[in-house]
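Notes follow the structure.
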Amino acid sequence: MSDLTFRSSGQSLAGGAVTVFQPMAIAENNQQLIGLWLHGKSHHTQRSYKQDIEYFLSFQQARHGEDFLLGYTTVNDLQDYTDSCRNKRWKNRTINRRLAAIKSLLTFACACQLLRVNAGAAVKLKKAKQDVAERILTESETLTLIALEPNHRNQIMIRFLYAVGCRVEELSNLRWRDFQSGPDGTGIVTIYGKGDKTRHVVFSRETWKLVRDLKSGASLDEFVFRSQRKKQSRDNLKPNRIREIVKKAGERIGIPNVSPHWFRHSHASHSVDRQTPLPLIQQTLGHASLETTGMYLHVRPRDSSALHLSV
């Protein structure tokens, strides 16, 4: 029985009676533990977390052998892994994400009584540089990028990304049944987002009219943004393909490495510039915390004490 297996299962004598302890969970190996931890999470989250854990697992197996069990992780292991990541010059944001995945896994294992101690609890994440400002387009850049996109479907898709600030996975999975018309001609989209949360976003009449142009007799169950390849014409555009389209659109106006998430940042920042209430931006973007939304007040400030000096 591996170290990951629930430790209190078995029998004991109490006043002459036999007490059987029922295990809360059972995991005989790393993959079973990871599977328990990821159960119920979205496909995108599972893929990202698995990748983050695999980096750590590969690091540990190179040091301790192929039979290394995540249940034997120590604070020393986590510190050595962090040092290795920094030696590779990974950004703090990347290191934090990968450490956060490990910490989450170990916390889950302890909560299920699969581990006696949680080594991850003793490891603190280093504060990462706030570089969101580097990934925000100006309104002029955004509108130019949209206008110069030659493909009709792609142009509408990029415009919609910016208009509602949705995530790339959310966009990829949209079906026609997720849309309806508002009483004033605006569009309303129901977005099933991160953490299985649902939000409803109202967007402009002009953008809704353009989106409707893509329907062309499609059923309510069909995807809105579909592949234009004949053999895959009923398939949705996959996130990686959307990323390719957006990156090329950015290069077209001389801005490298633009990703779909830039439009989410730009939506938030431009909304703040236009004095939109933060709770409304939070609701539209589906932020779990108003603190996350409030970040956009600071990434592109309009004023500072430096402007009130004589130099």
Side-chain angles (χ1 to χ4, degrees), residues 42-44 137 139-140 142-229 232-239 241-243 245-246 249 260-288 290 293 296:
S42 71
H43 175 72
H44 171 70
L137 300 165
E139 286 198 47
S140 176
T142 302
L143 297 177
T144 300
L145 186 150
I146 293 170
L148 294 183
E149 171 56 58
N151 181 284
H152 183 62
R153 179 207 60 189
N154 294 350
Q155 184 182 67
I156 296 172
M157 180 184 72
I158 294 171
R159 176 172 174 147
F160 183 80
L161 269 173
Y162 172 61
V164 304
C166 61
R167 301 176 179 90
V168 64
E169 293 81 10
E170 295 169 346
L171 178 90
S172 174
N173 291 321
L174 285 174
R175 299 176 188 266
W176 285 110
R177 65 171 59 258
D178 298 322
F179 287 84
Q180 57 181 304
S181 295
D184 55 354
T186 55
I188 304 173
V189 60
T190 299
I191 298 174
Y192 304 95
K194 192 175 181 180
D196 296 325
K197 295 179 181 177
T198 300
R199 65 188 188 276
H200 306 282
V201 179
V202 182
F203 57 100
S204 73
R205 288 187 291 267
E206 294 76 18
T207 299
W208 178 217
K209 182 179 182 301
L210 289 170
V211 171
R212 284 202 311 268
D213 287 345
L214 296 176
K215 191 171 185 182
S216 187
S219 70
L220 292 178
D221 285 324
E222 290 188 62
F223 292 105
V224 176
F225 298 102
R226 295 180 294 176
S227 172
Q228 292 180 333
R229 297 174 181 172
Q232 300 173 335
S233 61
R234 292 188 177 275
D235 293 344
N236 58 329
L237 270 178
K238 299 301 186 283
R241 177 59 183 144
I242 296 171
R243 292 185 183 100
I245 291 169
V246 168
H261 216 73
W262 284 40
F263 295 107
R264 184 171 166 84
H265 291 318
S266 300
H267 173 112
S269 180
H270 300 167
S271 296
V272 168
D273 290 344
R274 291 171 177 265
Q275 308 298 308
T276 307
L278 285 183
L280 183 57
I281 302 174
Q282 177 192 12
Q283 179 183 351
T284 300
L285 297 183
H287 287 154
L290 190 60
T293 313
Y296 294 97

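From a predicted model like this one, the values you see are computed outputs, not experimental measurements.
- Contact of the His261 side chain with the His265 side chain is registered, since non-hydrogen atoms from C-beta on lie closer than 4.5 Å.
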- side-chain hydrogen bond (donor to acceptor under 3.5 Å, both in side chains) evaluation trace for Ser219 with Asp221: CA-CA 5 Å; Ser219 70; Asp221 285 324; 5.4 Å; no

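- Residue Arg199 forms a side chain to side chain donor-acceptor pair (under 3.5 Å) with just one option from His287, Glu170, Gln282, and that option is Glu170.
- A donor-acceptor pair under 3.5 Å is formed between the side chain of Arg264 and the backbone N or O of Leu285.
- Looking only at side-chain heavy atoms (C-beta outward), Gln283 and Leu280 come within less than 4.5 Å of each other.
- Counting only heavy atoms from C-beta outward, the side chains of Tyr162 and Leu137 never approach each other to under 4.5 Å.
- Between Val211 and Phe179, some side-chain heavy-atom pair lies under the 4.5 Å cut-off.
- A pairwise comparison of heavy atoms in Ser271 and Ile281 identifies CB-CD1, 3.7 Å as the closest pair.
- Formation of a donor-acceptor pair under 3.5 Å by the Asn154 side chain with backbone atoms of Pro150 is not found in this model.
- Contact annotation: the side chain of Ser172 approaches that of Ile242 to within less than 4.5 Å [non-hydrogen atoms, C-beta and beyond].
- For the pair Arg241 and Asp235, the minimum side-chain heavy-atom distance is 4.5 Å or more.
- Contact of the Cys166 side chain with the Leu161 side chain is registered, since non-hydrogen atoms from C-beta on lie closer than 4.5 Å.
- Between Phe160 and Phe225, the two ring planes are tilted [angle within 30° to 60°].
- The shortest distance between side-chain heavy atoms of Leu214 and Trp176 falls below 4.5 Å.
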